[in-house]
Amino acid sequence: MSSKIRRSMPLFPISTVMKLTDLSARQIRYYEEHQLIHPERTAGNRRLFSLYDIDRLLEIKDLLDEGINMAGVKKILVREDESVHNQLKADLQKEKKVSSDEEVRKLLRKEFINAGRFYRNDLPPGDRFRYFH
DNA sequence: TTTCTAACA
DNA sequence: TGTTAGAA
């Protein structure tokens with residue numbers, strides 16, 4: 001579980017992400033506008049990307065290269081997010097720790113503060129742990 | 001210097 | 001998607 005936390009740690013400025021993904025700053029910001037990634041922000045409003053964000057950008061790039069449009073990419077990534085959520089829920093239920101989606105979110109809030117795919121800093125504080133769709 | 005937002009001869 | 005202006 002600690003690996004997930006490390007992968008979600010906000011570390012890189014956009015210049016580094018541009019080099020790692022070979023995407024333009026415009027493209028990276030555009031994908032954020034479309035809710036495909038949710039990079040953290042510094043006190044000075046600069047974006048800080050995690051390894052999860054980098055992975056997602058690479059996935060987005062691959063899907064786009066395959067000819068899939070934004071709407072399609074969004075659907076695919078949302079499905080993946082839901083899959084991750086359901087897998088986590090299944091694991092937790094197996095351990096008899098929780099059962100409802102609400103309980104899954106509650107536990108996530110406790111264990112993955114700022115965890116990449118589950119935390120949305122673009123929503124009001126009380127709604128930040130809702131899942132995508 | 002780098003990054004941000006907003007906007008478009 | 002690129003590019004640029006003006007601000008931070």
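So you know, we letter chains A, B, ... as the sequences are listed, proteins then strands, and number each from 1. Just so it is clear, the structure is predicted and the values come from calculations on it, not from any experiment.
Here the closest heavy-atom approach between residue A:R56 and residue A:L36 is recorded as NE-O, 2.8 Å. Counting all heavy atoms, side chain and backbone alike, A:K74 lies closest to A:H34 at CE-O, 3.1 Å.
Remark: C1' of B:dT2 and CG of A:N45 are 13 Å apart, rounded to the nearest angstrom. For the pair A:E32 CD and B:dT5 C1', the computed distance is 12 Å after rounding to whole Å. If you measure from atom CG of A:L48 to atom P of B:dT2, you get 16 Å, rounded to the nearest angstrom. Between A:R47 atom CZ and B:dT3 atom P the separation is 11 Å, expressed in whole Å. Note: OH (A:Y30) to P (B:dC4) measures 18 Å, nearest angstrom. Rounded to whole Å, atom P of B:dT3 lies 8 Å from atom CE of A:M18. When rounded to the nearest whole Å, the span between CD of A:E33 and C1' of B:dT5 equals 10 Å. At whole-Å resolution of the value, CZ in A:R26 and P in B:dC4 are 13 Å apart.
Of all nucleotides in DNA chain C, those with any atom nearer than 4.0 Å to a heavy atom of chain A start and finish, going 5' to 3', at C:dT1 to C:dA8.
Looking only at atom types and distance, the side chain of A:S24 has a donor-acceptor partner in the side chain of A:Q27 under 3.5 Å away. A donor-acceptor contact closer than 3.5 angstrom is absent between the side chains of A:N86 and A:E82.
Taking the side chain as every heavy atom from C-beta outward, A:I37 and A:I28 approach each other to under 4.5 Å.
Placement of A:L48 and A:L57 in two distinct hydrophobic clusters is found when ILVMFWY residues are connected by side-chain heavy-atom separations under 4.5 Å, directly or transitively.
Counting any heavy atom pair closer than 4.0 Å across all strands shown, A:R29 reaches a base atom.
Nearer the 5' end of DNA chain C, as judged by each residue's closest nucleotide, is the contact made by A:M70, out of A:M70 and A:G44.
The CG atom of A:D81 sits 12.0 Å away from the CD1 atom of A:I76 when rounded to the nearest 0.5 Å.
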Identify each donor-acceptor pair in which a side-chain atom of residues 14-23 of chain A lies under 3.5 Å from a protein atom, sequence neighbours left out, and give them as a table.
unit_1 : atom_1 : unit_2 : atom_2 : d
A:T21  : OG1    : A:V17  : O      : 2.7
A:T21  : OG1    : A:L23  : N      : 3.3

Starting at the 5' end of DNA chain C, write a dot or bracket for each base, bracketing those in Watson-Crick or G-U wobble pairs whose two distances are under 3.5 Å and using | for partners on another strand.
-> .|||||||
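For A:R46 against B:dT2, a side-chain N or O and a base N or O form a donor-acceptor pair under 3.5 Å.
Between A:R79 and A:E59 no salt bridge is recorded (no basic side-chain N to carboxylate O distance below 4.0 Å).
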